[in-house]
Structure formats: C-alpha cells, structure tokens
Undergrad: 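Have a look at the structure that comes next, please.
When reading the values below, keep in mind they use all heavy atoms of this one structure, side chains included, and skip hydrogens, waters and symmetry mates.
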Amino acid sequence: MWREIDLKDIGTALLDIAMPRLCVVCGRELLLRERHICTECLAGLPLTRFWNQSRNPMADRLNGLIQAVLGEGEFEPYANACALFYYGTASPYAHITPQLKYYHNVDMGRFFAAMLGRRLCSCPEFEDVDMIIPVPLHPLRRWKRGYNQSDIIAAAIAETYPRHPEVRTDILRRVRNTRSQTSMSGEGKADNMAAAFALRRRAREAFPRHILIVDDVMTSGSTLFACRKILRQSFGPEVRISVATLAFVGN
C-alpha cells in the first residue's frame with residue numbers, strides 16, 4: 001500500500017511541475033497532499049453547520065415558500081434543508097460553485113459534495129434519505145454545458161451514505177429553458193421558475209420514503225421550491241422531501 005501511495009504522490013508531484021494545481025479560493029499553488037483547496041482556506045471555509053440544527057435559516061426560507069401557497073385545511077410537514085457553506089458574492093469562496101457549473105471542474109465538485117454528504121448521512125434529519133433527485137437542466141442548456149452540475153453533486157453525496165440512496169434523473173424534467181436568475185428579485189425568480197418543471201412517467205413507479213432534492217446553490221429557494229411542489233403531485237405528505245445544496249446565500 002505504501003508503495004502505491006508513494007507512486008501516486010510522485011505522479012502528482014511531477015504533474016504539479018508541468019501544470020501546478022491551484023487553490024480554488026486563493027489561487028495559491030497546492031501542496032502535495034492538498035486537494036482543490038489549500039489548508040488555510042479549508043480551515044476558513046464558512047460552514048453553515050445546518051446539519052447540527054433541526055431548524056435553520058435555509059429551511060425556514062424554503063418552508064416560508066411552501067406555507068405561502070397552502071390552501072385552507074392543507075398540511076405540509078416541515079421541510080429540512082442543508083448547505084455546506086455560506087455563499088457571498090464578495091467572498092473568495094464564491095469561486096467554488098462557478099468552477100463546477102461553468103468551468104468543468106467536476107473533480108472539485110465531487111470533493112465538496114462529498115464533504116456535504118458525510119455531514120448529511122450522520123445527521124438525524126437526513127440519515128434515512130433513500131432517493132436523491134438532482135435539479136434537472138433544460139436539454140438545450142445541458143447540451144451546451146455537457147453535463148448537469150447537480151447530477152455531479154447528487155452522485156457524490158450518494159456515495160458517502162453507507163446504503164447508497166438511488167440517484168434518480170428520470171423523475172423530474174425541465175420543460176422551460178428559464179433565464180439566469182442572478183440579477184432577479186425574489187418575486188422575479190418565483191415567476192421565472194413557474195411551470196419550469198414536470199414529472200416524468202417513471203415517477204409513478206417510485207416508492208421512496210425520503211427524497212433529497214439537490215442543487216448547487218440556494219438563493220431565494222424558488223428553484224428548489226418549484227421542484228418540491230411538482231414532486232408533491234406524485235408523492236404524498238407521508239414521503240419526506242428535503243433539499244441540500246453546496247452553498248446557501250444568507251441574508
């Protein structure tokens with residue numbers, strides 16, 4: 001084993017000479033055993049620690065959207081939500097999600113998604129997840145990008161669970177190629193996401209107990225709420241539907 005590790009380290013060191021690996025946050029050259037983020041930046045990662053809280057600001061934001069559309073006599077159980085770190089446009093840690101989303105840094109995405117997954121599977125609110133559904137991209141956008149970043153995150157999270165939840169990309173589909181929501185208001189985002197998703201026929205054949213919807217970032221929550229609302233058409237309140245993202249935009 002030590003020979004394999006040594007050979008791997010030697011290979012990494014040689015590659016670093018030709019093409020140095022850089023910290024995704026500060027841009028410094030990484031040391032031999034560092035992956036994607038330097039030790040100093042990793043220590044300063046603004047973790048949400050939502051996995052230690054049965055209720056948190058992210059979940060409250062999502063539940064506010066859910067409660068706002070419930071009719072008289074309707075009931076929806078409290079929806080759990082969790083993110084790995086806080087996202088702020090002025091923060092150097094804001095480089096993480098765009099690297100996955102726009103610059104094909106898939107291995108880095110898996111690295112941070114696994115960090116999130118290890119926390120989720122040891123958390124009482126998420127330990128019984130048996131199905132993970134990534135937020136789908138419109139086929140045109142997926143074709144242009146070459147992949148769906150949420151698929152990458154979902155697969156890496158599933159791998160961290162002792163009993164791997166199934167990752168289902170055949171339950172939800174995106175039927176509207178919605179505009180970027182970066183500069184939109186909360187109301188504009190909600191309008192933009194209205195009727196953006198639909199159920200696939202395979203949803204009728206699924207019998208989960210706890211669904212986890214996965215995306216890269218939660219801002220207003222409109223995208224995750226829209227997905228959750230559509231899933232409720234097929235899965236009743238006895239099925240828990242939670243959400244998880246790499247990053248959360250706090251107030």
Undergrad: Is any side-chain heavy atom of Pro134 closer than 4.5 Å to a side-chain heavy atom of Thr169?
TA: yes
Undergrad: On a heavy-atom basis, which atom in Pro77 and which in Asn63 lie closest, and how many Å separate them?
TA: O-OD1, 4.2 Å
Undergrad: Looking at CG of Leu246 and CG of Leu100, how far apart are the two atoms once the value is rounded to the nearest 0.5 Å?
TA: 7.0 Å
Undergrad: Which side-chain N or O atoms in residues 43-55 pair as donor and acceptor under 3.5 Å with protein atoms at least two apart or in another chain?
TA:
| unit_1 | atom_1 | unit_2 | atom_2 | d |
| --- | --- | --- | --- | --- |
| Thr48 | OG1 | Phe50 | N | 3.2 |
| Thr48 | OG1 | Ala83 | O | 2.5 |
| Gln53 | NE2 | Arg49 | O | 3.4 |

Undergrad: For a side chain to side chain contact (heavy atoms under 4.5 Å, CB included) check, start with the C-alpha distance between Asn148 and Arg142, then their side-chain angles and the critical distance, and finish with the verdict.
TA: CA-CA 6 Å; Asn148 178 4; Arg142 186 187 179 102; 3.1 Å; yes
Undergrad: Do Met218 and Leu224 pass the side chain to side chain contact (heavy atoms under 4.5 Å, CB included) test, and can you show the C-alpha distance, the side-chain angles, and the key distance before you say yes or no?
TA: CA-CA 8 Å; Met218 175 172 165; Leu224 292 159; 3.8 Å; yes
Undergrad: Closest approach of Ala81 and Asn56, non-hydrogen atoms and distance?
TA: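 Heavy atoms only, the tightest pair is O-ND2, 3.0 Å.
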Undergrad: So, for Leu62 and Gly221, which heavy atoms are closest and what is the spacing to 0.1 Å?
TA: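 Between these two residues, the closest heavy atoms are CD1-O, 4.5 Å.
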Undergrad: If the condition is side-chain contact (heavy atoms from CB on, under 4.5 Å), which residues does Arg28 pass it with, not counting sequence neighbours?
TA: Cys26, Leu31, Glu34, Cys38
Undergrad: Could you give me the CA-CA distance, side-chain angles and deciding distance for Arg240 and Glu125, then say whether salt bridge (Lys or Arg N to Asp or Glu O under 4.0 Å) is met?
TA: CA-CA 10 Å; Arg240 294 175 59 200; Glu125 284 74 25; over 6 Å; no
Undergrad: Quick check on the hydrophobic clustering: are Leu84 and Val24 connected, directly or via other members, by side-chain heavy-atom contacts under 4.5 Å?
TA: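 Yes, because Leu84 and Val24 connect within a single hydrophobic cluster, where side-chain heavy atoms sit under 4.5 Å apart.
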Undergrad: What distance separates Phe85 CZ from Phe112 CZ, expressed to the nearest 0.5 Å?
TA: 7.0 Å
Undergrad: When Val135 is tested against each of Thr245, Val243, Asp216, Thr223 for side chain to side chain contact (heavy atoms under 4.5 Å, CB included), which residue passes?
TA: Thr223
Undergrad: Decide yes or no for Glu76 and Arg228: does some side-chain heavy atom of the first lie under 4.5 Å from some side-chain heavy atom of the second?
TA: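 They are in contact (side-chain heavy atoms under 4.5 Å apart), so the answer is yes.
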Undergrad: Should Ile230 and Val167 be counted in the same cluster of Ile, Leu, Val, Met, Phe, Trp and Tyr side chains packed under 4.5 Å apart?
TA: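 No: no chain of side-chain contacts under 4.5 Å links Ile230 to Val167.
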Undergrad: Under the criterion side chain to side chain contact (heavy atoms under 4.5 Å, CB included), I'd like the reasoning laid out for Met131 against Leu212: C-alpha separation, chi angles, the key distance, then a yes or no.
TA: CA-CA 6 Å; Met131 180 182 290; Leu212 182 67; over 6 Å; no
Undergrad: Where do Arg204 and Phe207 come nearest, in terms of heavy atoms and distance?
TA: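 So the two residues come closest at O-CZ, 3.9 Å.
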Undergrad: Honestly curious: do Val214 and Met58 fall in one hydrophobic cluster under the side-chain, below-4.5 Å linking rule?
TA: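 Result: no, two separate clusters.
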Undergrad: So Leu42 and Met115, do their side chains get closer than 4.5 Å, heavy atoms only?
TA: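 Answer yes - side chains close enough.
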Undergrad: Under a 4.5 Å side-chain heavy-atom rule over Ile, Leu, Val, Met, Phe, Trp and Tyr, are Val129 and Ile211 clustered together?
TA: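 As far as the 4.5 Å side-chain criterion goes, Ile211 and Val129 are not connected within one cluster.
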Undergrad: So Arg176 and Phe197, do their side chains get closer than 4.5 Å, heavy atoms only?
TA: no
Undergrad: Do His210 and Asp128 pair up side chain to side chain, a donor and an acceptor below 3.5 Å, judged on atom types alone?
TA: yes
Undergrad: Using 0.5 Å steps for rounding, measure from the OG atom of Ser234 to the CD atom of Glu205.
TA: 10.0 Å
Undergrad: Rounded to the nearest 0.5 Å, how far does OG1 of Thr219 lie from CZ of Arg61?
TA: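 It comes to 7.5 Å.
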Undergrad: Once you round to the nearest 0.5 Å, how far does CG of Asn80 lie from CD1 of Ile241?
TA: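 Output value for this atom pair is 12.0 Å.
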Undergrad: Taking atom types as modelled and ignoring hydrogens, do the side chains of Asp215 and Ser150 form a donor-acceptor contact shorter than 3.5 angstrom?
TA: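 Ser150 and Asp215 do have a side-chain donor-acceptor pair below 3.5 Å.
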Undergrad: If you draw a 6.0 Å radius around CZ in Arg209, do more than 12 non-hydrogen atoms from other residues or ligands fall strictly inside?
TA: no
Undergrad: Given the rule that I, L, V, M, F, W and Y join up when any side-chain heavy atoms are under 4.5 Å apart, are Ile152 and Ile96 in one cluster?
TA: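 Same cluster.
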Undergrad: Assert yes or no for the condition that the ring centre distance of Tyr147 to His104 is strictly below 6.0 Å.
TA: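 Ring centroids of Tyr147 and His104 are less than 6.0 Å from each other.
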Undergrad: Is there a donor-acceptor pair closer than 3.5 Å between any side-chain N or O of Arg174 and the backbone N or O of Pro136?
TA: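 Yes.
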Undergrad: Search all heavy atoms of Gln233 against all heavy atoms of Leu199 and return the closest pair with its distance.
TA: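 It is CB-CD1, 4.0 Å.
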Undergrad: Identify every side-chain donor-acceptor pair in residues 65-75 under 3.5 Å, counting partners at least two apart or on other chains, and give the distances.
TA:
| unit_1 | atom_1 | unit_2 | atom_2 | d |
| --- | --- | --- | --- | --- |
| Glu74 | OE1 | Gly71 | N | 2.2 |

Undergrad: Please write out which residues are connected to Leu140 in a hydrophobic cluster, directly or through intermediates, given that two of Ile, Leu, Val, Met, Phe, Trp, Tyr count as joined at side-chain heavy-atom separations below 4.5 angstrom.
TA: Trp143
Undergrad: Would you check if Ile157 and Leu116 make a side-chain contact, meaning some heavy-atom pair closer than 4.5 Å?
TA: yes
Undergrad: Can you tell me how far SG of Cys82 sits from CZ of Phe126, rounded to the nearest 0.5 angstrom?
TA: 5.0 Å
Undergrad: Test side chain to side chain contact (heavy atoms under 4.5 Å, CB included) on Val106 and Gln149; report intermediate values, then the result.
TA: CA-CA 8 Å; Val106 171; Gln149 71 277 2; over 6 Å; no
Undergrad: Any chance you could lay out the salt bridge (Lys or Arg N to Asp or Glu O under 4.0 Å) test for Arg21 and Asp107, step after step, and finish with the verdict?
TA: CA-CA 12 Å; Arg21 297 171 300 117; Asp107 192 47; over 6 Å; no
Undergrad: Just so I know, are the side chains of Leu120 and Glu127 near enough to count as touching, which here means a heavy-atom distance under 4.5 Å?
TA: no
Undergrad: Got a sec, which residues hit side-chain hydrogen bond (donor to acceptor under 3.5 Å, both in side chains) with Tyr78, two or more places apart in sequence or on another chain?
TA: Asp60
Undergrad: Keeping to residues at least two apart or across chains, list the salt bridge (charged side-chain N to carboxylate O under 4.0 Å, His left out) pairs with something in residues 160-170.
TA: Glu166-Arg168, Arg168-Asp170, Asp170-Arg202
Undergrad: Tell me, do Tyr93 and Ile37 make a side-chain contact under 4.5 Å, heavy atoms counted?
TA: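 Answer yes - side chains close enough.
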Undergrad: Could you tell me whether Glu159 and Arg118 have a side-chain N and a carboxylate O separated by less than 4.0 Å?
TA: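 The answer is no: the pair does not qualify as a salt bridge.
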Undergrad: Show the nearest heavy-atom pair for residues Gly27 and Leu22, with the distance to one decimal.
TA: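 Closest heavy-atom pair between Gly27 and Leu22: O-CD2, 3.6 Å.
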